[in-house]
Structure formats: structure tokens, C-alpha cells
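What follows is one structure encoded as C-alpha cells, with my remarks underneath.
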Amino acid sequence: MIVAKKKINSPADPLPVLFKHTSFFEDVWEVVKQIPKGKVTSYGAIAKYLGAKSSARMVGWAMNAVNNSNIKDIPAHRVVNRNGMLSGKAHFSPPEKMEKLLKKEKIKVKDDCIENFQAVFWDPSEDLGL
DNA sequence: CCTTTGACTCACT
DNA sequence: CAGTGAGCCAAAG
């Protein structure tokens, strides 16, 4: 469990205010980190796995936090919306990076959408046990 | 401190 | 079947 405004990874991370005492972000990250290579999941699935306490929007916030900080251990590119659309691509360093990384993992992406989304979809509730 | 917004989703019209 | 509204919770203005 990572705690609050403490350094997440690098000593020189510009990690802003972000988390105070909420471990929500960590939970999201942990789940995201568990996503098998070549698979993807949705914000809603993660939120649901976390108990649906928070809405999927918070998951997106967590991803935003990842981009904001120097955290690179989180494969945020494997997280898309429930339609399999790369809704968050715009928030990547180069927006194309998300799609690029996905394709690199043999995930078929077309027009910012994962074609075989259902096939590569990974449900945390299923693998992590629920 | 109150208002607005956001990488979402579901339900209703 | 597509458009709209509401719920969601935290962060930024």
C-alpha cells in the first residue's frame, strides 16, 4: 500500500498533490498492473472489482494521476471505456502512444477502437477472484 | 467554500 | 436505436 504524498517511484517525480490518504489510486493501479499482456479492461470493470464504491470516473482520474506523475509501471493503455474505445488516448504523451502500445501487444486497434475488444477483454473480477 | 468538470456508465425517453 | 440526464467522487477553479 502506497501512502499519500510520498514518493511513488522516482526521487525526482513532480508528483503533485494527488493522494492524501485515499488508497483508491493504489487499488486502481494494482488492478491495472495485473492486466495480462495483450489484454485490456474497462474503467467500469476496475471500479466494479473495487466494489463499485467509486464510479469509473475515479479510475480515469487515477490514470490521469499516472500521467501526471512519473509513474510508468501502470499500463494505462490497457484501460479503455466499456466500448473498447481509446477514450484516454488524448491524455498520453503522444496520443498515438496508447494505440501504438496496444498494437505492440497484438491488440487490434482501428479508428481508436479495439476491434476484438470482447476477445481481449480481461475482467479483474474474474482473474483476481470475486 | 461552492461550482464546475472529467480518461465513465447506466437508465430512461 | 440514438440522444439526454443523472449518479458517481475527487480535484481544480
Side-chain angles (χ1 to χ4, degrees):
Chain A
M1 297 286 271
I2 308 168
V3 184
K5 21 194 167 170
K6 138 194 261 190
K7 308 182 176 178
I8 301 298
N9 63 338
S10 292
D13 51 9
L15 195 60
V17 185
L18 294 188
F19 359 94
K20 298 172 191 163
H21 66 295
T22 57
S23 56
F24 191 77
F25 287 65
E26 314 166 13
D27 293 332
V28 174
W29 297 339
E30 270 184 57
V31 176
V32 174
K33 278 197 275 188
Q34 302 313 309
I35 302 175
K37 186 183 178 186
K39 295 286 183 106
V40 295
T41 191
S42 66
Y43 304 93
I46 296 173
K48 195 169 187 175
Y49 170 71
L50 295 179
K53 297 168 187 171
S54 318
S55 69
R57 285 194 167 150
M58 298 298 91
V59 179
W61 246 161
M63 296 299 100
N64 189 28
V66 171
N67 266 285
N68 236 307
S69 59
N70 286 341
I71 305 173
K72 303 182 186 66
D73 302 324
I74 318 295
H77 60 278
R78 292 183 187 149
V79 185
V80 296
N81 65 2
R82 79 171 194 85
N83 289 312
M85 189 171 80
L86 282 53
S87 45
K89 65 168 285 182
H91 293 261
F92 277 74
S93 317
E96 313 85 53
K97 188 173 185 181
M98 185 176 190
E99 186 176 326
K100 186 178 178 183
L101 287 171
L102 287 174
K103 286 182 177 178
K104 191 175 181 182
E105 302 192 358
K106 311 303 180 207
I107 295 177
K108 299 182 179 74
V109 180
K110 184 175 184 180
D111 195 36
D112 297 344
C113 291
I114 297 177
E115 296 191 309
N116 53 341
F117 177 59
Q118 203 174 166
V120 296
F121 179 74
W122 175 80
D123 188 354
S125 302
E126 196 178 302
D127 190 69
L128 301 181
L130 176 59

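Each chain gets a letter, A, B and so on, in the order its sequence line appears, and its residues count up from 1. Hydrogens, waters and symmetry mates play no part in the numbers below; they use all other heavy atoms, side chains included.
Of the candidate nucleotides C:dC9, B:dC10, B:dA7, C:dC9 has the atom lying nearest to any side-chain atom of A:S54. Candidate nucleotides B:dC10, B:dA7, C:dA10 were compared by shortest atom distance to the side chain of A:N67, and B:dA7 ranks first. When distances are taken from the side chain of A:W61 to each of C:dA11, C:dC8, B:dA7, the shortest belongs to C:dA11. Closest approach to the A:M63 side chain among B:dC10, B:dG6, B:dA7 is made by B:dA7 (side chain taken as heavy atoms from C-beta onward). Side-chain proximity of A:S42 to B:dA7, C:dC9, B:dT9: nearest is B:dT9.
When rounded to the nearest whole Å, the span between CG of A:L86 and P of B:dA7 equals 14 Å. Going from atom CG of A:L50 over to atom P of C:dC9 covers 13 Å, rounded to whole Å. Atom pair A:D27:CG and C:dA10:P shows a separation of 13 Å (rounding to whole Å applied). The distance between atom CE of A:M85 and atom C1' of B:dG6, rounded to the nearest whole Å, is 14 Å. In this structure, CG of A:N83 is placed 15 Å from P of B:dA7, rounded to the nearest angstrom. Taking atom CH2 of residue A:W29 and atom C1' of nucleotide B:dA7, one finds them 15 Å apart after rounding to whole Å. At whole-Å resolution of the value, OH in A:Y43 and C1' in C:dC9 are 17 Å apart. When rounded to the nearest whole Å, the span between CG of A:N64 and C1' of B:dG6 equals 9 Å.
Nucleic acid contact class of A:N81 (heavy atoms, under 4.0 Å, all strands): sugar-phosphate only.
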Audit row: A:Y49, A:T41, side-chain contact (heavy atoms from CB on, under 4.5 Å) steps and yes/no: CA-CA 11 Å; A:Y49 170 71; A:T41 191; over 6 Å; no
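At a threshold of 4.5 Å between non-hydrogen side-chain atoms, the residues A:V28 and A:V79 do not count as touching.
At distances below 3.5 Å, not a single donor-acceptor pair connects side-chain atoms of A:R82 with backbone N or O atoms of A:G44. Of the possible polar contacts, none joining the A:E126 side chain to the A:W122 backbone as a donor-acceptor pair under 3.5 Å is found. For the pair A:D111 (side chain) and A:C113 (backbone), a donor-acceptor distance under 3.5 Å is absent.
Taking atom P in both B:dT4 and C:dG5, one finds a spacing of 16 Å when rounded to whole Å.
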